[in-house]
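By convention in this document, chain letters (A, B, ...) are assigned in the order of the sequence lines, proteins followed by strands, and residues within each chain are numbered from 1.
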Protein chains: 2
Amino acid sequence: MVKNESEKQTEEKIFDAAMAVFEEKGFATARMQEIADRAGINKALLHYYFRSKDHLFDAVFEKRLGDMFSKIFGVFMSDKPFEEKIKAYYEEHISFFEKNPRLPNFIMSEIALNPQRLAKRFSKIDYAGLRDVVMEKNGKELAEYNIGKEDWPQLMITIISLTVFPFAAQEIIKVLLQRIGQETDFNQFMNYRKTFASDFVMNSLKNRKKI
Amino acid sequence: MVKNESEKQTEEKIFDAAMAVFEEKGFATARMQEIADRAGINKALLHYYFRSKDHLFDAVFEKRLGDMFSKIFGVFMSDKPFEEKIKAYYEEHISFFEKNPRLPNFIMSEIALNPQRLAKRFSKIDYAGLRDVVMEKNGKELAEYNIGKEDWPQLMITIISLTVFPFAAQEIIKVLLQRIGQETDFNQFMNYRKTFASDFVMNSLKNRKKI
DNA sequence: GTCTATAGAAGGATAGAC
DNA sequence: GTCTATCCTTCTATAGAC
C-alpha cells in the first residue's frame, strides 16, 4: 500500500477520523459512516483506501499499540538512575494520557475481546530487551532494593498499574471523587498522582532494602 | 418483574448464559442467538423474559458491578487492623478474579463505551461510607502513615490498581511472561502477587511514616 | 480519486400457533 | 411458556458513473 503525495492528504484524514471513532466507540460499535463523516469524505472512499473495516482498524490499532508502549520504553531505556526514571515515567506517562485519555481502555478492551489482534501486532515490542537494558544500567540499585530477575515483572506491572488503571477506570473515579464531596476533579487527581505514585514506589523500594 | 418458581428455572439459565456471553464478547459483539443457544432455549424466549438486549444487559451489568465492588467493600469495612485488611484484600481479591478473570475488563470497557450505564446503576455504592468507616476504624494507623483525608482516594486507587490492572491486561502480560522466557505462567504470577502487592503497599506506608 | 446508488447479510424484535 | 417463521432495520461492501 505505497502512496504518493496526493493520496496522503485524504488517507491521513481518514486515518485520524478512524482513530477518534474507534477509540470512542470500540471496533464493534464504530460505524464506517461516522468515520467518513468526520473525515469529510464519502463512505466508499474508506474502502478504496483501506479495503475493509478490519483493515482500517488494524492500521489504527497497530499505531496506538506502538504509541502506548514506546512511551514506557522511552523512559526506562534511557540513561538515568532508577529513581530519576520513576519520576520521569510518572510525569511523562500521566501527561501523555491526559492528551490520550481513552487509549488505555481502547488497547485493553480490544485485546480482551480479540486476543488474536495482539498476537498479530505485538512481535515488535522487545520486552526482554527492556528488562536487559534496565538490569544492565540499574541492576545495582535494584539489587539494593532486593529486586532480582524474578521480581522484575512484578515491579514493572506494579509501576505501570498506578497510571494505566486510573485512566482506564476514570469514569468510575470521577463519580467517586464527586461522591466524597472533595473539590478535586479528575485532572487534579491525576496531577497530584504524578508525585504521589513516584513517592509511593520509591518509599516501598527503599524500605524493602532494609528487610 | 416478579416471578414465580416455575419461571425461575428458565430465567436463571438465560441470565447465566447472558453473563457468560456478554463478558466474553462485550455488549456490541454479543449475539442474542448465542445466548439462546447456550441457555438451550429459543431466541424468542429471551425477549419474553427480558424484553430486549438492552434490558438483559442491564440486568447482567448491575449484578456484576455489585459483585465487583462488594468484594472490595467487604474487606475494608471489616474490623481488622489496616495491615490485616491489606493482606486479606489481596488474598481474596486475586482469588476472586481467578474465578472471574474477565470481570475487570467487562466493567471498565462497558463503562468507557457507555458512561450512562454507570450513572444508572452506581448510586447504590456508598463510597463515602467506606471512607468514613475505614477512617473511623483505622484512622490512627493511617495517620501514622501520613495518610489524611485528601490522600485517601490516592491510596485506595493505588491499592486496587495492583490487582485490577493485571487482570484487565492479562493477555498482554501472558505474552510478556512468555517473551522473557521465565517459566512463570499467568496464574503463578498472580499467586505470587498476593504477597508481593501487600508487601509493596505496607513497605511504602511504613516508610512514609518516617519522613 | 471521488461520488451516488444499491446489493446483500446479519441480527434484534415480534406475530401467532401450540 | 415455548417454539417457528418472518419482518424490518442497520450496516458493510461493491458496482458503476463522473
A44(A) side chain: which of dT4(D), dT2(C), dT14(D) is closest?
dT14(D)
dT12(D) OP1/OP2 closer than 4.0 Å to side-chain N/O of R31(A):
yes
Would you indicate which nucleotide in dT2(D), dA13(C), dA13(D) comes nearest to any side-chain atom of K43(A)?
dA13(D)
Rounded to the Å, how far apart are L46(A) CG and dC11(D) C1'?
13 Å
Spacing of F27(B) atom CZ relative to dG11(C) atom C1', expressed in whole Å
12 Å
Rounded to whole Å, CG of D54(A) lies from C1' of dA13(D) at a distance of 13 Å
Proximal nucleotide (of dA13(D), dT4(D), dC3(C)) relative to the N42(B) side chain:
dT4(D)
Distance below 4.0 Å between Y49(B) side-chain N/O and dT2(D) OP1 or OP2
yes
Strictly by modelled atom types, are T163(A) and Y89(A) linked by a side-chain donor-acceptor pair under 3.5 Å?
yes
Quick check on dT14(D): is either OP1 or OP2 less than 4.0 Å from any side-chain nitrogen or oxygen of H47(A)?
no
Using only modelled atom types and a 3.5 angstrom limit, is any donor from either the side chain of K53(B) or the base of dG11(C) paired with an acceptor on the other?
no
Looking just at side-chain N and O atoms, do D37(A) and Q33(A) make a donor-acceptor pair shorter than 3.5 Å?
yes
Interatomic distance where NE2 belongs to H55(A) and C1' belongs to dA13(D) [whole Å]:
13 Å
Between T10(A) and dT2(C), does any side-chain N or O lie under 4.0 Å from OP1 or OP2?
yes
Which nucleotide wins on minimum distance to the side chain of M32(A), given the candidates dG12(C), dT2(D), dT12(D)?
dT12(D)
Once you round it to whole Å, what is the distance between C1' of dG12(C) and CD of Q33(B)?
11 Å
Pairs involving residues 23-42 of chain B, ordered by first then second residue, that meet ring-ring contact (aromatic ring centres under 6.0 Å, His included) (sequence neighbours left out)
F27(B)-F57(B)
Out of F186(B), F167(B), F106(B), which residue meets the ring pair (Phe, Tyr, Trp, His ring centres under 6.0 Å) rule with F97(B)?
F167(B)
How long is the line joining CD1 of I35(B) and P of dA13(C), in whole Å?
11 Å
Regarding A30(A), tell me which of base, sugar-phosphate or nothing describes its non-hydrogen contacts under 4.0 Å with the strands shown.
sugar-phosphate
Tell me, please, which residues at least two apart from K85(B) pass salt bridge (charged side-chain N to carboxylate O under 4.0 Å, His left out).
none
Would you kindly give the CG-to-P distance between L45(B) and dT14(C), to the nearest whole Å?
14 Å
